[in-house]
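Data first, discussion second: the structure below is written as structure tokens.
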Amino acid sequence: MPELPEVETTRRGIAPRLTGARIARVIVRDRRLRWPVPTELEDRLTGARIAAVDRRAKYLLIRTGVENRTGTAIVHLGMSGHLRFVAPGTPPGAHDHVDVEIDAGPVLRFNDPRRFGCWLWTDDDPLEHPLLARLGPEPLDPAFSGDYLHAASRGRRIAIKPHLMNAAIVVGVGNIYASESLFRAGIHPLRAAGRISARRMSVLTAAVGEVLTEAIRYGGTTLRDFYDGDGRPGYFRNELKVYDRAGQPCVTCHRPIRQVTIGQRSTFYCPTCQT
DNA sequence: ACTGGATCCTGACTGC
DNA sequence: TGCAGTCAGGATCCAG
């Protein structure tokens with residue numbers, strides 16, 4: 001479900017109402033997420049004050065406490081997870097696995113049908129957590145440059161598309177935006193990562209940045225079930241040039257967009273414009 | 001060290 | 001209407 005723009009849209013939606021709030025109660029209805037939800041989560045969150053809601057890659061970091069009593073809930077939405085606010089007392093529906101109740105405010109409710117998401121806890125620096133410690137640069141950070149990507153791709157025979165989706169190379173680029181970025185850069189998704197020039201890599205890193213920035217501006221992409229903290233869909237779907245457009249005309253050359261499977265993931269591209 | 005494949009899980013959709 | 005098969009926005013783990 002969510003790639004970086006959707007997670008960032010979620011973060012921007014929930015952060016204002018959570019930051020500074022005190023957590024009154026946490027309810028975990030199903031601990032069977034990607035990894036079991038630790039009971040430590042409720043113990044540490046209850047009564048704590050939220051200091052910030054940050055994002056690293058596709059992880060949301062709900063930071064609590066002050067000085068020597070700090071900690072962080074590490075939340076991932078997986079393929080099908082959502083966070084949204086509901087009025088206190090709203091009865092939980094199917095797959096509503098976690099509630100975070102704040103004083104005198106709405107309830108933050110986590111819904112995740114496929115349970116690929118996670119809610120974990122750490123008392124330490126979350127960036128040092130095993131899940132986050134070895135992540136690549138943020139795609140909107142200047143560190144994600146053409147030179148960096150070129151260097152990180154030397155000797156790699158893997159296709160550029162799954163390479164872009166590898167979080168050790170760059171984070172936040174999922175299946176939709178990998179296809180969209182490659183279209184924008186004019187690079188064929190099956191081209192070997194190690195055989196793309198530094199010049200083209202700099203076009204590609206710029207394309208990734210533009211696509212993600214634009215998608216955030218549109219509130220993300222809603223294909224079927226993404227909604228922000230207030231239940232609004234993302235409108236970037238209308239801006240997609242290749243994703244989910246198999247057989248439809250390329251916006252540039254008008255020849256049909258092609259769909260192939262690369263690394264078990266659907267991939268869309270224009271065979272004329274992308275080489 | 002890389003790479004490709006299987007895997008976790010539920011729901012929506014397609015075709016018979 | 002029912003049922004089987006396929007696919008889905010992620011990412012880890014494992015074998016070769």
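Below, read A as the first sequence line, B as the second, and so on, with proteins coming before strands; counting in each chain starts at 1. Keep in mind that this is a model prediction, so the values were computed, not measured.
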Between C1' on B:dA1 and CZ on A:Arg134, what's the gap in Å once rounded to a whole number? 14 Å

Distance, rounded to the nearest Å, where A:Asp244 contributes CG and B:dC13 contributes P: 13 Å

Pull out every protein N or O sitting under 3.5 Å from an N or O of nucleotides 3-5 of chain B, one pair per line with the distance.
| from | atom 1 | to | atom 2 | distance (Å) |
| --- | --- | --- | --- | --- |
| B:dT3 | OP1 | A:Arg157 | N | 2.6 |
| B:dT3 | OP1 | A:Ile158 | N | 3.0 |
| B:dT3 | OP2 | A:Arg156 | NH1 | 3.1 |
| B:dG5 | N7 | A:Gln264 | OE1 | 3.3 |

Pairing of A:Asp228 and A:Arg12 as salt bridge, 4.0 angstrom limit: no

Between A:Arg237 and A:Asp244, does at least one N-O distance fall below 4.0 Å, as a salt bridge requires? yes

Under the salt bridge (Lys or Arg N to Asp or Glu O under 4.0 Å) definition, can you give me all pairs with a residue in residues 131-141 of chain A, not counting sequence neighbours? A:Arg55-A:Glu138, A:Arg56-A:Glu138

Heavy-atom nearest pair, A:Arg29 first then A:Asp99, reads NH2-OD2, 2.7 Å

Taking the same atom, P, in C:dC7 and in B:dG5, what whole-Å distance lies between them? 15 Å

Does OP1 or OP2 of C:dA8 have a side-chain N or O of A:Ser266 closer than 4.0 Å? yes

Let me know the distance between CG of A:Leu33 and C1' of B:dT7, rounded to the nearest Å. 17 Å

Residues at least two apart in sequence or cross-chain that pass salt bridge (charged side-chain N to carboxylate O under 4.0 Å, His left out) with A:Asp103, listed by chain then number, are A:Arg22

Interatomic distance where CE belongs to A:Met79 and C1' belongs to B:dT7 [whole Å]: 12 Å

Between protein and nucleotides 10-12 of chain B, what N or O pairs are separated by less than 3.5 Å?
| from | atom 1 | to | atom 2 | distance (Å) |
| --- | --- | --- | --- | --- |
| B:dT10 | OP1 | A:Arg115 | NH2 | 3.0 |
| B:dT10 | O4' | A:Pro113 | O | 3.4 |
| B:dT10 | O3' | A:His95 | NE2 | 3.2 |
| B:dG11 | OP1 | A:His95 | NE2 | 2.7 |

Verify, without hydrogens or angle tests, whether A:Tyr148 (side chain) and A:Ile169 (backbone) share a donor-acceptor contact under 3.5 angstrom. yes

Pairwise N/O distances under 3.5 Å, protein to nucleotides 12-16 of chain C:
| from | atom 1 | to | atom 2 | distance (Å) |
| --- | --- | --- | --- | --- |
| C:dT12 | O4' | A:Arg34 | NH2 | 2.7 |

Dot-bracket encoding per residue of DNA chain C, Watson-Crick/G-U cut-off under 3.5 Å, | denoting interstrand: .|||||||.|||||||

Mark yes or no for whether A:Thr205, through its side chain, and A:Ser202, through its backbone, hold a donor-acceptor pair below 3.5 Å. yes

Any donor-acceptor pair under 3.5 Å linking the side chain of A:Thr221 with the backbone of A:Phe236? no

Interatomic distance where CZ belongs to A:Phe116 and P belongs to B:dT7 [whole Å]: 13 Å

